[in-house]
Amino acid sequence: MKNKIELITNEINDFKIEDVKALENFRIHFLGSKGIIKDLFSDLKAVPNEEKREVGQLLNGLRTVAEEKLAKYKEQLESSSSQENSIDLSRTSDDSNVGSRHPLMLVRSEIIEIFSRIGYTVSEGPEIEDDWHNFSALNFAPEHPARDMQDTFFIEKGENEMALRTHTSSVQVRVMENSTPPIRTISPGRVYRNEAISARAHCFFHQVEGLYIDKNVSFADLKQTLLYFAKELFGEKAQIRMRPSYFPFTEPSAEVDVSCSICNSKGCNVCKYTGWLEILGCGMVDPAVLEASGIDSKVYSGFAFGMGVERITQLKYKVNDLRLYSENDVRFLKQFTAGI
Ligand code: DAH
């Protein structure tokens with residue numbers, strides 16, 4: 001009898017209970033009304049009197065081992081199944097706080113993308129610039145009004161004049177100084193002008209400068225490049241027109257308008273009922289600028305263009321107040337999550 005009790009104890013310990021079904025089998029097998037332990041208790045009658053007490057105690061112990069194992073696994077299985085039930089697979093996911101890319105950065109990336117497809121690299125220059133790169137090498141005469149205090153934030157006046165760059169054209173000078181043609185590059189960056197902040201003007205904004213220098217570059221190349229750009233940015237139907245203009249660093253110079261995509265050129269308040277929107281300035285690089293930057297103007301020619309990122313973003317996303325770009329109002333910024 002004692003041997004039997006020992007064997008059954010081992011059997012209880014070795015019994016694997018992995019699910020509710022096994023738990024029930026365990027209960028029936030060991031503790032059920034027709035189970036092993038019940039049978040053993042019946043057998044107790046046959047045990048000699050002097051051993052009855054001891055064997056009885058062993059049997060009680062055996063029953064406790066089985067009951068404790070049953071209780072332990074019952075609890076475990078119940079708690080894991082309640083965990084399973086607490087996962088609601090039909091629930092929508094948490095509205096996690098994904099950030100958004102700034103609209104100016106979305107447009108900047110798009111411009112870079114478009115030009116990189118036709119072989120333009122990206123070059124950058126410093127925001128704190130000397131007089132040479134921002135003005136002199138670009139053919140600005142010493143008394144040119146753009147050098148005026150009213151436009152430029154000067155950091156240091158006099159011999160080592162330093163200022164916050166007023167345009168990214170300064171980068172074209174740096175690129176020409178440091179490389180040999182052919183050059184095909186765009187220079188995105190932040191620029192500064194001393195202007196009162198309003199819906200239409202800001203003291204800092206962003207530009208993308210473009211520069212193409214090689215042998216035999218013509219105005220037709222410029223026009224075709226800009227038409228390609230306008231179509232990529234505003235859609236296949238986009239048209240451009242060029243109006244003669246003046247910049248010290250290009251000759252001839254032009255301002256470029258794109259057909260108004262908001263009203264399909266029918267006329268609206270954004271294009272002021274003209275059907276056209278001004279998007280950039282451009283021209284053939286003035287030979288004096290090529291020479292100042294160390295490029296032989298008898299061998300090489302090229303074109304340059306410069307555009308305002310805020311302006312293009314305004315047209316693409318119909319933003320009507322420049323201040324929105326720098327106020328960090330999440331209600332504005334959140335509208336651009338689609339670009340992620
Ligand atoms: N730098 C000019 C500006 O800030 C824009 C510009 C016009 C750049 C004509 C050019 C260009 O490269 O050819 O208004």
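When a ligand or atom number is given, it counts from 1 through the structure's own listing order.
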If the threshold is 4.0 Å, N to carboxylate O, is there a salt bridge linking E278 and R241? no
What do you reckon, does M307 put a non-hydrogen atom under 4.0 Å from ligand 1? no
I'd like to know if the side chain of T250 and the backbone of S253 have a donor-acceptor N/O pair within less than 3.5 Å. no
Can you check which of P248, G281, A304 brings a heavy atom nearest to atom 9 (C) of ligand 1? G281
Do the side chains of R117 and E113 get close enough for a salt bridge, i.e. N-O under 4.0 angstrom? yes
Tell me the side chain to side chain donor-acceptor pair (under 3.5 Å) pairs involving residues 291-306, sequence neighbours left out? E291-S297
For E209, all residues meeting salt bridge (Lys or Arg N to Asp or Glu O under 4.0 Å), sequence neighbours excluded: none
Are the aromatic rings of F229 and F115 close, with centres under 6.0 Å apart? yes
Quick one: does R193 get within less than 4.0 Å of ligand 1, heavy atoms only? yes
Could you tell me the residue and atom name of the protein heavy atom closest to atom 12 (O) of ligand 1, and the distance to it rounded to 0.1 Å? E209 OE2, 2.5 Å
Could you tell me which atoms of ligand 1, counted from 1 in the order shown, lie closer than 4.0 angstrom to a heavy atom of F247? 7 (C), 9 (C)
So is F249 in contact with ligand 1, going by heavy-atom distances below 4.0 Å? yes
Which ligand 1 atoms are under 4.0 Å away from a heavy-atom of S169? 1 (N), 8 (C)
Value rounded to 0.5 Å, distance of CG in D131 from NZ in K157: 8.5 Å
Contacting atoms of ligand 1, where contact means under 4.0 angstrom from a heavy atom of Q207: 3 (C), 4 (O)
Out of F332, Y325, F336, which residue meets the ring pair (Phe, Tyr, Trp, His ring centres under 6.0 Å) rule with Y317? F336
Mark up the atoms of ligand 1 that fall under 4.0 Å of a heavy atom belonging to G306, in ascending order. 6 (C), 8 (C), 10 (C), 12 (O)
Which ligand 1 atoms does G283 reach within 4.0 Å, using its non-hydrogen atoms? 13 (O)
For ligand 1, which atoms have a heavy atom of Q172 less than 4.0 angstrom away? 12 (O)
